[in-house]
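Note that this is a predicted model, so its numbers are computed, not measured. Keep in mind that the numbers below use all heavy atoms, side chains included, and drop hydrogens, waters and symmetry copies. Atoms within each ligand, like the ligands themselves, are counted from 1 in listed order.
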Amino acid sequence: MQTADRPDPSERPERALPSHAAMDQFAVRDGELVIGGVPLARLAARVGQTPFYAYDRALLARRVGELRAALPPAVRLHYAMKANPMPALVGHLAALVDGIDVASGGELKAALDAGADPREVSFAGPGKRPEELRQAVAAGVLVNLESFREVAPLAALGAELGVPARIAVRVNPDFELKSSGMKMGGGAKQFGVDAEQVPALLDEIARAGEALAFEGFHLFAGSQNLKAEAIIEAQCKSYELALRLAAHAPAPVRTLNLGGGFGIPYFPGERRLDLAPIAANLAALAARAARELPQAALVVELGRYLVGEAGVYVARVVDRKVSRGQVFLVTDGGLHHHLSASGNFGQVIRKNYPVAIGNRMADAARETASVVGPLCTPLDLLADRMTLAVADVGDLVVVYQSGAYGLSASPQGFLGHPAPVEVLV
Ligand SMILES: *Cc1c(COP(=O)(O)O)cnc(C)c1O
């Protein structure tokens, strides 16, 4: 008879716990992680402090190259810079992608400073302030209209500044992106204009006349999706919806932004997205668009997929404590710099990001340890009981998949600790 502690091995095959996807984008040399060609300890010395974020230029370029190779040439690739607004990184990417998507007047300035061509910048976001609309029209960027309220001021700005306000309509679709980490379209949302109200909005735009230049549609169903089928379904539905709405448009559709939502593996059991079927579907949609919307360029806008895997967050162990048998590595970094890795940026159930001891990559001795920060809150947790190389004071903890929604998405002021540094290597 089987008991709970002695299961029959034939009935319960040895199954490994779900593991993180291999973080093999960075080389390891002499037991040390190499970022942007520089071994980690040397990089820390060069940065001059811990904690820091480091983004690898070559990996950013490689990711764009992989997308270019996979996607049909007709599809335009945009970077959604809210994922990582570090100026040097935006400048690096601006030269590699076809356009930058911004979500505030501040991001608009940063994109233009980075050398982005205003004709290839688009500005989305609910609640755009009058000054932001003014900046956008004056800069000549495409404004993704998210509300009936924005029509009149944009038309007034177009007339006043003597340049038609370039607009696309952001549509809140009548479907959702399935298995998405964060839903941003479908149902009741603060983003965009409900699909069923768009014909009336297009009539208002037409009535505004020359002061508004209608250029197309923007649809963004959701974020952080690792299922190619779900992304394909959303792209097909987005295309069909845009095609229906185009019949009401005051001018031909010149740009059709199908959103993005391409995810990266953060948590145990997650695997990298399969680009090939998405690319094949986009090729089919591009072929249809060439017939059905002949002036339209298809756009995909990606944030974390472009930058997330190219970045690490590095903190130094300042104490090693054992509490009732559990090892705690206390570092100089934590949730105030990296809210996402602490599990407090939208996650429902906290899970560990991939973490390693970056200067002990080849060490055989391993143990279960938790990595925490210096804040007086139990939420300040970077790794909860993970298997890591045995680490001590002075060692460097690396949090992978940290190139997106890291520093700019974290409450740096909380508890008054020093700010981290960001480097592009
Ligand atoms: C946040 C956002 C993105 C980027 O999302 P990722 O998950 O980082 O790819 C793209 N488009 C819009 C409209 C967004 O708000």
Between R304 and Y266, do the side chains contain a donor N or O and an acceptor N or O under 3.5 Å apart?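 The criterion, which ignores hydrogens and geometry beyond distance, is satisfied for R304 and Y266.
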
Do the ring centers of H337 and Y53 come within less than 6.0 Å of each other?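 Centroid separation for H337 and Y53: 6.0 Å or greater.
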
Below 6.0 angstrom between ring centroids: does that apply to H336 and F414?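 No, too far apart.
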
Quick one: look up the protein heavy atom nearest [atom] and list residue, atom name and how far away it is.
{"atom": "atom 13 (C) of ligand 1", "value": "E301 OE2, 3.4 Å"}
{"atom": "atom 7 (O) of ligand 1", "value": "S223 OG, 2.4 Å"}
{"atom": "atom 8 (O) of ligand 1", "value": "Y405 OH, 2.5 Å"}
{"atom": "atom 14 (C) of ligand 1", "value": "K82 NZ, 2.9 Å"}
{"atom": "atom 10 (C) of ligand 1", "value": "F220 CE1, 3.3 Å"}
{"atom": "atom 9 (O) of ligand 1", "value": "G303 N, 2.9 Å"}

Can you confirm whether H248 sits close enough to V198 that some side-chain heavy atom of one is under 4.5 Å from a side-chain heavy atom of the other?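 In short, these two side chains do not touch, never coming nearer than 4.5 Å.
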
Any idea which atoms of ligand 1 are less than 4.0 Å away from a heavy-atom of H218?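 Heavy-atom distances to H218 below 4.0 Å select 13 (C).
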
Residue part near ligand 1, for A80, under 4.0 Å between non-hydrogen atoms: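 It is the side chain that touches ligand 1; the backbone stays farther off.
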
Is there a donor-acceptor pair closer than 3.5 Å between any side-chain N or O of E301 and the backbone N or O of H78?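 No: the side chain of E301 does not pair with the backbone of H78.
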
Test your reading of the structure: does Y305 have an N or O sitting under 3.5 Å from an N or O of ligand 1?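 The answer is no, given that Y305 and ligand 1 share no N or O pair closer than 3.5 Å.
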
Of the options Q25, H20, E270, which is the one that meets Q401 in a side-chain hydrogen bond (donor to acceptor under 3.5 Å, both in side chains)?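 Single pass found, and it is Q25.
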
Using the side-chain contact (heavy atoms from CB on, under 4.5 Å) rule, take R42 and R46 through it: C-alpha gap first, then chi angles, then the decisive distance, then the call. CA-CA 6 Å; R42 176 102 180 257; R46 183 185 124 174; 5.7 Å; no

